[in-house]
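The structure appears below as structure tokens.
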Amino acid sequence: VDTNAFGLGGYNIQDDLNPADYAGSLDWNLDTIPGTRDLEDHARLWLYIGGLQTALANGNLAIGLKWVPFPNTAFGTNNSPSIKLFQAVESDGGSSYLTDSTIAAAQVTGNFANAIQDASGIAGGPNHTIVMPPTSGSRDYDFVLPQTLVANLTSSNSPVHLLFEGCTRGQGELTIVILRNNNDGTFTSIGQGPGVYIDLKDIKELYERWTVGDGDGLSASAYPGSNDVKSDAGTLASNATISTDRLPAGVTGLQYDLTHQGLSVPGSSQGNDYILFVHGWNLQPWKKDAFAETACKRLYWQGYTGGFGAFQWPTTFSPSGSEVLTDYDDGEYAAWLSAPLLEGFLTSNLKSNNVYILAHSMGNIVTGEALRIAGQLGAGTHVNGYLASQAAVPGQCWDPNVTMADPLSFDSATTPNIPGFYGPSTPNIYDSWMAIGGASAAGPKSNFYNSNDYALTGDILWPLDQVTKPDDRRLQDGTYYCYASSDITVVADLFKANRSGLVFDLHLGNAAGVIDRYEIMAYAAEPRSYPLGAVATSVAGFTSLGLPGGPWTSDPFSTGDYSEHPWHSGEFRFDNMIQNKYWHAVLGPNGFDLLP
Amino acid sequence: MNNRRLLYVALVILVLGILGWWSGILKLSQHSAVQPLSTQLSSTGGSSSGVGTPSKTTPGPGAIPSASIMDKASLMQAQLESRNRMNINVYGKVVDQTGTPVPGVKVHGGVLLINGFDSSRNENYEAETDSQGLFSFVDLHGVRFGVKLEKKGYEYNPNLYVNWWNGYKPDANSPAIFAIYKLQGAKPMVHTAFDSRVPYDGQMAAFDLFSGRKVGSGDLRITLTRNPIQVRRGVDRFDWTVQIQMAGGGLVETSDLYPYEAPESGYQPTFDLSVAKDAPSWTQRLTKTFYVQNAKGDYGRVTIDLTTDSERPQGTGIAIEAWLNPSGSRDLEFDPAQLIKP
């Protein structure tokens, strides 16, 4: 038996986002591969059958599989490894099913999509498709390959090329069993071949989930106080801890140590590398996991063998998926407030790793501010690389020369003539805010941008939200903001908030003490530039990479220009075939530069 | 004036000053009831804190907002709906690689409509080019518009026109031009795509385009020199030069939209580029497509994506994709079904 997946390193058994299955439910229960996206949950299994071709072809012999427990272990409730098998569509057993849309489509079509049924009827599941050990005692074999799979083997092409998907957790040695076919539906073991050690784990046992809180998904209500995250963002913890939420039964949250390596491969040249994923806005808690797990798996398939973790912060979100437009500012406030916790986490927990941060969308508020604080505190460089992807942070925070025009020039003829819409009506407080400090706290920085991004460009969503700051029209909770001067040419400490009729001064503070600046930036102060993730020009300190036409090579939508909503999170939402080059670029010379 | 009288005068001035200041506040507050919020609020007490620990502020007297002001969500919704209603008129013309208009092309038009931060939708329309290759979509409504072109025997690369919509002004007399390629017939070809690293200290790296491997005898040879050799990626600007050589053959840069036919002549032994650190258009990256001819006389095309600023000691990253026609023909159309495996 040969496998190109893991040995004892583990393999995930959980499924992820399917285009038609956003409930996050497991789909290994199906006896078909539901779509091309699911293929990233499948690994290759090759069976080398030497010298038995004739006997297999005439049906006198059969090939069985049998789970053998590791020494000093036993199968049972807490250790029950099981898999389903599929015939590989690639005649050479290649891995293009992960990267090539045409081959992937063929793999999920017809017989190739169907789980192989055991020829003996002994295997688990209603259709006898689950290769699993017996619930008690032992037996000669746990699964028998159908004769059609082994009837046409030749001496020059002896491997049986299969894919497998993990079903339930556990570890054991999956061995080949040579069987005599009794031609009555039973088989007799006449020999046992070599095996492959497999350790099947839940995906949440393969990467670290650090959390500082989840939103509660409730719409914003009364504003509880100037420095609390609004109610729909939930509660902000005092420091990052390993998440115990959303864990399947029997699974504990992974924290890397010598005996729990997760996806990382001990002894690898990337063994000390650690990619930390920081998610964006409007993700339900389970989606935070799904995005992280998608990233984790796809980086693994790119050959990444270091550690992987997610930093989860309490973004606002809508349970129904139809977010309230102004919840964005609540989410941004939560992002700013989460930044010091990320900085503390990096300093306390990842100091000995080579840390690379991949931040998506509003996650770049969290990350950029954390880096700024790190620089401010003089912690020195403790992030080896920072990749800002589709970053929803004003570009001018990193480079004051990033301006780009409409609509943030505030004078577009295309903007509606709504009183108070035209600006700016607040001073410019964003220039170089993150660059001063942040530049020194991280090594090479990359900007993966889409100048047609759905959320970040145009004059409707992110830009309009920024232009309409200060939120001087009432937010849902009755709060509103203003800048109490018509002179915006100089920065003055005149931001104010009105909560339920009471006026509060908000103070800008300074780099060493931000006071109310996070609230001001989230709700009141207008930027002067497009967000970093939409900036097509060079950004000081960053390596820029345009996604459309670069790592993104085709847009399935009729608009064809990567402007539809899913592209803002395309690397997570589309299948790996469409996004393979994106994840390659993350590790490539314009990203973390971790390719061999 | 004795000291007691001076004290009385000072006291009176102080009281008048306080009354004046208070009167001003009242005026500002009264004024605020009918003015935009930016002038409504009076000054109140403040607070201070350290990095990342913003503190509570102090409440003070303030104005009650007018209930008639449109809330921000409604304002954004109104703008969103306004943009979705934007009139779209598109006039286009489809030509082939020779500039000849192509009739009978199916034009799939897509209109982007925005639902909110978290979802979009699109509407699909179809047209067909006339005898002059012209098409139009008139009186549509939405935010953006994209096209995909389809005709048997032709190839269309939509990535060439990802940003065509930006700045487009509809004019029936000046249609937007879209180029498609009239296929000439794919030939069996070698296709390789690989990543590797190139030293940045002037040492040559050689690649075999047939096998996609970095080998000393490879025919594609790349020499990169940085000055200084050690740089901080993304931070430093630096002088760099690169020489790309096809050993025993030659190469010629191309910007053809569809680089499917190698030129007969014009090949040079090397391609050389020097980039000065103070150049206005300085970049750390080289992305080029070349037609190549190897020592055997075979033609091909090579795309090189070289990033010059890696800090890795093993060299800086390069991505190479090559298509070679080993028949000696200059035809470079590729069909994966006719792939020649090296």
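Side chains are part of it too, since the values below use all heavy atoms of this structure and drop only hydrogens, waters and symmetry mates. Order of the sequence lines sets the chain letters (A, B, ...), proteins ahead of strands, with each chain counted from 1.
- Within the 4.5 angstrom heavy-atom criterion, only side-chain atoms of B:Val143, from C-beta onward, approach chain A.
- Taking B:Gly315, B:Pro158, B:Gly234 one by one and counting their heavy-atom pairs under 4.5 Å with chain A, the maximum is reached by B:Gly234.
- Looking only at heavy-atom pairs under 4.5 Å with chain A, the residue among B:Leu113, B:Asn124, B:Ile114 that has the most is B:Ile114.
- For a residue to count as touching a neighbouring chain, one of its non-hydrogen atoms must lie under 4.5 Å from one of that chain's; by this rule A:Thr102 does not touch chain B.
- If you measure heavy-atom distances from A:Trp336 to chain B, you find no contacts under 4.5 Å at all.
- Remark: B:Asp236 pairs with B:Arg232 by the salt bridge (charged side-chain N to carboxylate O under 4.0 Å, His left out) rule, at least two apart or across chains.
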Side-chain donor/acceptor pairs under 3.5 Å, residues 587-596 of chain A, sequence neighbours excluded:
unit_1, atom_1, unit_2, atom_2, d
A:Asn590, OD1, B:Thr307, OG1, 3.3
A:Asp593, OD1, B:Arg197, NH1, 3.2
A:Asp593, OD1, B:Arg197, NH2, 2.8
A:Asp593, OD2, B:Ser310, OG, 2.4

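- Residue B:Ser82 holds its OG atom at 11.5 Å from CD of B:Gln77, rounded to the nearest 0.5 Å.
- A ring-centre distance under 6.0 Å is found for B:Phe178 and B:Tyr161.
- Ring geometry, B:Phe238 versus B:Trp282: the interplanar angle exceeds 60°, so the pair is classed perpendicular (tilted spans 30 to 60°).
- Of the residues considered (B:Ile318, B:Thr316, B:Asn159), B:Asn159 shows the highest number of contacts with chain A, using heavy-atom pairs under 4.5 Å.
- Residues A:Trp281 and A:Phe317 place their aromatic rings such that the two centres sit no closer than 6.0 Å.
- Contact annotation for A:Ser538: neither backbone nor side-chain heavy atoms come within less than 4.5 Å of a heavy atom of chain B.
- Neither the backbone nor the side chain of B:Asn157 comes within contact range of chain A, judged by heavy atoms closer than 4.5 Å.
- Under the 4.0 Å criterion applied to side-chain N and carboxylate O atoms, B:Asp278 and B:Arg237 are not assigned as salt-bridge partners.
- Aromatic pair B:Phe145/B:Phe137: ring centres closer than 6.0 Å.
- With a 4.5 angstrom heavy-atom cutoff, A:His568 does not touch chain B via any of its atoms.
- Most heavy-atom pairs under 4.5 Å with chain A, from the set B:Val235, B:Asn163, B:Val111: that is B:Asn163.
- Taking the six-membered ring where the residue is Trp, the centroids of A:Tyr454 and A:Trp567 are separated by 6.0 Å or more.
- For chain A, the nearby part of B:Asp195 is the side chain; its heavy atoms alone come within less than 4.5 Å.
- Ranked by heavy-atom pairs under 4.5 Å with chain A, the list B:Gln284, B:Glu123, B:Arg285, B:Glu311 is led by B:Arg285.
- Both the backbone and the side chain of A:Phe557 come within contact range of chain B, with heavy atoms under 4.5 Å apart.
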